K.L.:
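I have a structure I would like to understand better, so I am pasting it below and will then ask my questions one at a time.
Just so it is clear, the model here is predicted, and its values are computed rather than measured.
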Amino acid sequence: MSDQVQQFQVRRDALAETRMISSDPAPLAAGEARLAVERFALTANNITYGVAGDMIGYWQFFPASDGFGCIPVWGIARVAESNHPDVAAGTRCYGYFPMGTELIVKPEKVSERGFTDATEHRAQLPVVYNQYSTVAPEYGFAHGLDNHAMLYRPLFTTSFVLDDWLADNDDFGAEAVVIGSASSKTGFGLAFMLKRRGEGAPTVVGLTSPANRAFVAGLGLYDEVLTYDEADALTQRPTAYVDMAGNRSVLSAVHRRLADDLVCSCGVGITHWDARDGADPAELPGAKPTMFFAPTQIVKRNEELGPVEYQRRIGDATGAFFAQVDGWVQVEESPGAEIATVYQTVLAGAAPDKGYVVSFA
């Protein structure tokens, strides 16, 4: 890449239309730091950020113009320049970045573990997305697992928090949990957590496409695997539906099949970002569909358990997941010049056994 700052942007109302913007590096103000992005992961979760950008505010993190937006990604960067007395150049940080080569931040609440970006336009956004963690083994970043951290840490955090939320609510009385888009990383992360509960856990059912059925079944995490067009074969019993797909026709089929047996209907992702036509969710039988927002449960459990115990629990679960995930997914790393190609691959629906990383190193 050139010495100029590069940023990859997408048209907010037509996600397949993209552009690369180049600009001169901006000078740092007092208290700011320049983070040079080393690498980031790109998954279906990032496509969800684009689809839900106006609903949840994802476009606000890294503003663009002319109808374009910058989809946030999880990555690792190095402090290339610092005008903050407590942030040293060379420090490596994990957190939320634009798809591009750098980000200027205004660190506050600085500690050895990291800092929070206090840049003005991010002040009203969820704090969990504004935190940057120091990449070091003592803070949960094992040597050689940078790609794992970027690809799975944010997704598995959602999986962990979903399982915690379900358990916190006694699974809403469900005997089974049906996971839509069961091949998604967040989907099989949740299945991993449910299976980890052991005896007494709800039956875990995966809904997936015919093309991904073999992959989902091969994970060994699901008690049953059905394709989307087999939703009418779901067993009628108290059931929670966790919808990673956002496909309204599938949502309708699940609700109509289970009706009053559907005790929870929780939307999490939109992997089927181009399949939004269908019945109004508010008019479907069974539990009314709601959107799950992980930061709300994270804040609740931090307050109840304390941050040390919460981090211990999620750290143990993440370590166990990392120990198995290489048997399911292979990581493909591409240079920064190929951002557009990687993005279009993920937008079109990447193979579930692939994980994509873009590197500027």
Side-chain angles (χ1 to χ4, degrees), residues 43-45 48 151-152 155-156 158-160 162-163 166-167 171-172 174-259 261-273 275 278 286-287 289 292 317 320-321 324-330 348-355:
T43 72
N45 186 52
T48 294
L151 275 167
Y152 306 118
L155 303 178
F156 187 72
T158 300
S159 304
F160 175 90
L162 269 166
D163 175 65
L166 288 168
D171 299 318
F172 299 91
E175 297 173 5
V177 175
V178 176
I179 300 175
S181 195
S183 67
S184 68
K185 295 173 180 62
T186 309
F188 68 71
L190 173 57
F192 175 87
M193 287 302 303
L194 289 164
K195 189 175 182 65
R196 197 168 183 255
R197 291 194 202 176
E199 187 176 353
T203 298
V204 185
V205 182
L207 282 183
T208 190
S209 67
N212 291 339
R213 184 172 193 161
F215 170 79
V216 173
L219 293 171
L221 300 174
Y222 293 92
D223 298 302
E224 302 172 24
V225 178
L226 300 172
T227 58
Y228 293 120
D229 59 5
E230 295 173 330
D232 59 358
L234 287 166
T235 301
Q236 290 180 301
R237 57 193 165 188
T239 299
Y241 181 45
V242 182
D243 182 15
M244 311 289 178
N247 185 318
R248 282 197 174 184
S249 65
V250 175
L251 180 71
S252 297
V254 171
H255 273 257
R256 287 172 176 147
R257 168 61 177 174
L258 297 173
D261 281 327
L262 193 62
V263 295
C264 171
S265 181
C266 168
V268 181
I270 315 176
T271 60
H272 294 190
W273 61 273
F292 178 76
F321 182 76
Q324 293 194 42
V325 72
D326 284 345
W328 304 323
V329 179
Q330 292 183 329
D353 61 349
K354 302 295 184 185

K.L.:
To the nearest 0.5 Å, what is the distance between CG (L207) and OH (Y222)?
P.N.:
9.5 Å
K.L.:
I want to check something: taking the side chain as every heavy atom from C-beta on, are W328 and L221 in contact at a cut-off of under 4.5 Å?
P.N.:
yes
K.L.:
Among residues at least two apart in sequence or on other chains, which ones pass salt bridge (Lys or Arg N to Asp or Glu O under 4.0 Å) with D171?
P.N.:
R197
K.L.:
Do Y152 and V329 have side-chain heavy atoms sitting under 4.5 Å apart?
P.N.:
yes
K.L.:
When you measure from the side chain of Y228 to the backbone of S181, do you find a donor-acceptor pair of N or O atoms at a distance under 3.5 Å?
P.N.:
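Pair found, side chain donor or acceptor close to backbone of S181.
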K.L.:
Please enumerate all residues that pass side-chain contact (heavy atoms from CB on, under 4.5 Å) together with D353, with sequence neighbours excluded.
P.N.:
F215, A351
K.L.:
Who are the side-chain contact (heavy atoms from CB on, under 4.5 Å) partners of A211, not counting sequence neighbours?
P.N.:
S209
K.L.:
Kindly write out the residues that satisfy side-chain contact (heavy atoms from CB on, under 4.5 Å) with T203, not counting sequence neighbours, or none if the list is empty.
P.N.:
A176, V205, D223, E224, R237
K.L.:
Only counting residues at least two apart or in another chain, list the ones meeting side-chain contact (heavy atoms from CB on, under 4.5 Å) with V263.
P.N.:
F172, A174, P238
K.L.:
For C266 versus L162, what's the shortest heavy-atom pair and its separation?
P.N.:
SG-CD2, 4.1 Å
K.L.:
So, for K185 and S159, which heavy atoms are closest and what is the spacing to 0.1 Å?
P.N.:
O-OG, 4.1 Å
K.L.:
Please give me the minimum heavy-atom distance between S183 and N212, naming the atom from each residue.
P.N.:
OG-ND2, 3.3 Å
K.L.:
Just verifying a value: how many Å separate T239 OG1 and L262 CG, rounded to the nearest 0.5 Å?
P.N.:
7.0 Å
K.L.:
Do L166 and F292 make a side-chain contact, defined as non-hydrogen atoms from C-beta onward lying under 4.5 Å apart?
P.N.:
no
K.L.:
Are N45 and T43 linked by a side-chain donor-acceptor pair shorter than 3.5 Å?
P.N.:
no
K.L.:
Once you round to the nearest 0.5 Å, how far does CG of D232 lie from CG of L258?
P.N.:
10.5 Å
K.L.:
Could you walk me through whether L251 and Y241 pass side-chain contact (heavy atoms from CB on, under 4.5 Å), step by step?
P.N.:
CA-CA 9 Å; L251 180 71; Y241 181 45; 3.7 Å; yes
K.L.:
Rounded to the nearest 0.5 Å, what separates atom OG1 in T208 from atom CG in L226?
P.N.:
10.5 Å
K.L.:
Measure up the F156 and F321 rings against each other and bin them: parallel (under 30°), tilted (30 to 60°), perpendicular (over 60°).
P.N.:
parallel
K.L.:
Of the non-hydrogen atoms in A287 and H255, which two are nearest, and what is the gap between them?
P.N.:
O-CE1, 2.9 Å
K.L.:
Holding to salt bridge (Lys or Arg N to Asp or Glu O under 4.0 Å), I want the full list of residues that pass it with R213, two or more places apart in sequence or in another chain.
P.N.:
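By the salt bridge (Lys or Arg N to Asp or Glu O under 4.0 Å) rule, R213 matches E230.
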K.L.:
Less than 4.5 Å apart, side chain to side chain, heavy atoms only: is that true for L190 and M244?
P.N.:
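A side-chain contact under 4.5 Å exists here.
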